[in-house]
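Please read the structure below before turning to the comments.
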Amino acid sequence: MSLEYFSKVYREIIPNFDDFLESIHRPHPSHLRVNTLKTTDDRVREALSRYGASLEPLPLRHCYLFSGLDNPGATLEYYLGYYHMQGLSSALPPLVLAPQEGDRVLDLCAAPGSKTTQMAAMMNNTGLIVANELNRRRLSILKFHLERLGVTNTVVTSFQAQNFPMKRADRSNLYFDRVLLDAPCSGEGRFRTVMRKDEREKMQPHSEEYSLKMSEYQKQMILRGFDLLKEGGTMVYSTCTYSPHENETVVDYLLQCRRDAVVLPFEIQGIRTAQGLTRYRSQRFSEDLKNTVRIYPHMVDSWGFYIALIMKASRPH
Ligand SMILES: C[S@@+](CC[C@H](N)C(=O)[O-])C[C@H]1O[C@@H](n2cnc3c(N)ncnc32)[C@H](O)[C@@H]1O
């Protein structure tokens, strides 16, 4: 991935493109989420101040910008599960899905577990979350965070998301109230010119061919996630990339394949967003894709993201 690539491909679709370019020259700020399953915002603020750290509230509940803490993953409070490092944009998809206490939730691509553990906290450890992850190494990181953060309403599975079982052991159909598909993607939204070494290592070398290949997997996954929803249930499809091939194209494909899929509008209080695209080069998408949301680093000073909220209508419309 390079700045030249962004300029060549995305100048026409990203609003205020020069501000966007300027924003990705700055390092990503440090954000954390207080784990309300174990503690309170005040206790975390007080505990971290003893290390010389200060916390400033972000527009999302229990989420903070912090500074003055060089090794946030090495404090006693971190190991006790009082907080989790999570970029602001990464905390948005669960807020849009809004799981309720007692819900049955499927998190199809769950590791390392930032959104699973956030949803468990939103549900106050009630109901059930099935946290699925294909990659065995990442599965153990997911389990580590579930345990560290005191999550008790979650079971872990390891299927290909696109082939997640549709039946229970007794052959009855398996349905969920809510599905989160935080899909594997090309990760363009995490690109900054100033990155930590471990972040840089995760960046895939980018090409449009890669996005087109990911798009094919994502189309299979979104269909499976939707088919696992009960009538009236809701799904969030999210990625941390800008590529329309991996965003609008995938949601548009779902709309073409499933007549009972409806893209719902939503707002996130305090967060500036841009509308999803209805056209890209020669492609035309459903007008309903205006209801989906693009998150850009120059609007939120966090990762770039794409979020779609989809409902399974009671009857085909
Ligand atoms: C964007 S990350 C998920 C981040 C996670 N939701 C969080 O908030 O911490 C996508 C995950 O999907 C996993 N993955 C890739 N292909 C998959 C597949 N076919 N089925 C299930 N998981 C897959 C990757 O290993 C990766 O952990």
Side-chain angles (χ1 to χ4, degrees), residues 28 31-33 35 60 62-63 73 81 83-97 99 105-123 129-149 151 154-166 176 178-191 198-199 201-204 206 210-211 213-228 235-243 246-247 250 295 302-308:
H28 190 285
H31 295 159
L32 64 77
R33 172 175 58 79
N35 178 25
L60 310 182
H62 311 303
C63 295
Y83 63 90
H84 184 66
M85 269 86 73
Q86 186 173 8
L88 174 131
S89 308
S90 157
L92 299 175
L95 293 182
V96 174
L97 188 61
V105 178
L106 173 62
D107 187 354
L108 270 170
C109 299
S114 299
K115 299 180 188 68
T116 315
T117 54
Q118 183 186 357
M119 292 195 292
M122 291 168 79
M123 294 160 72
I129 303 178
V130 178
N132 182 68
E133 167 61 43
L134 186 63
N135 180 306
R136 289 294 158 124
R137 194 180 54 80
R138 289 173 65 90
L139 200 58
S140 41
I141 303 171
L142 168 67
K143 288 179 191 164
F144 166 72
H145 288 310
L146 292 174
E147 194 171 341
R148 182 179 65 86
L149 294 162
V151 171
T154 297
V155 295
V156 170
T157 59
S158 187
F159 295 102
Q160 283 188 319
Q162 60 272 38
N163 293 321
F164 193 90
M166 302 279 300
F176 292 87
R178 298 179 204 251
V179 173
L180 175 63
L181 173 52
D182 188 38
C185 69
S186 55
E188 294 167 343
R190 300 181 78 87
F191 179 82
D198 58 316
E199 288 170 345
E201 279 161 6
K202 281 187 225 151
M203 296 304 297
Q204 303 271 355
H206 190 267
Y210 184 78
S211 282
K213 195 174 99 190
M214 290 311 290
S215 181
E216 294 309 309
Y217 287 121
Q218 292 153 345
K219 285 176 183 170
Q220 294 172 27
M221 289 182 198
I222 202 171
L223 284 187
R224 181 53 61 114
F226 184 79
D227 291 344
L228 284 157
M235 166 162 81
V236 159
Y237 175 75
S238 56
T239 70
C240 59
T241 206
Y242 306 114
S243 170
E246 301 179 61
N247 293 329
V250 176
I295 315 269
S302 183
W303 313 120
F305 250 80
Y306 173 79
I307 306 177

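Both counts, for ligands and for their atoms, begin at 1 and track the order of listing.
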Neighbouring residues of ligand 1, heavy-atom cut-off under 4.0 Å: Leu108, Cys109, Ala110, Ala111, Pro112, Gly113, Ser114, Lys115, Asn132, Glu133, Leu134, Asn135, Arg138, Phe159, Gln160, Ala161, Gln162, Asp182, Ala183, Pro184, Met221
All side chain to side chain contact (heavy atoms under 4.5 Å, CB included) counterparts of Arg148, not counting sequence neighbours: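 If we apply the side chain to side chain contact (heavy atoms under 4.5 Å, CB included) test to Arg148, skipping adjacent residues, the hits are Tyr78, His84, Phe144, His145.
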Has the side chain of [X] got a donor or acceptor atom that lies under 3.5 Å from a matching backbone atom of [Y]?
X      : Y      : result
Glu246 : Ser186 : yes
Ser302 : Ser89  : yes
Asn35  : Leu149 : yes
Arg33  : Ala91  : no

Exercise: identify the closest heavy-atom pair between Tyr237 and Ala183: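 Taking Tyr237 first and Ala183 second, the nearest heavy atoms are CE1-CB, 3.8 Å.
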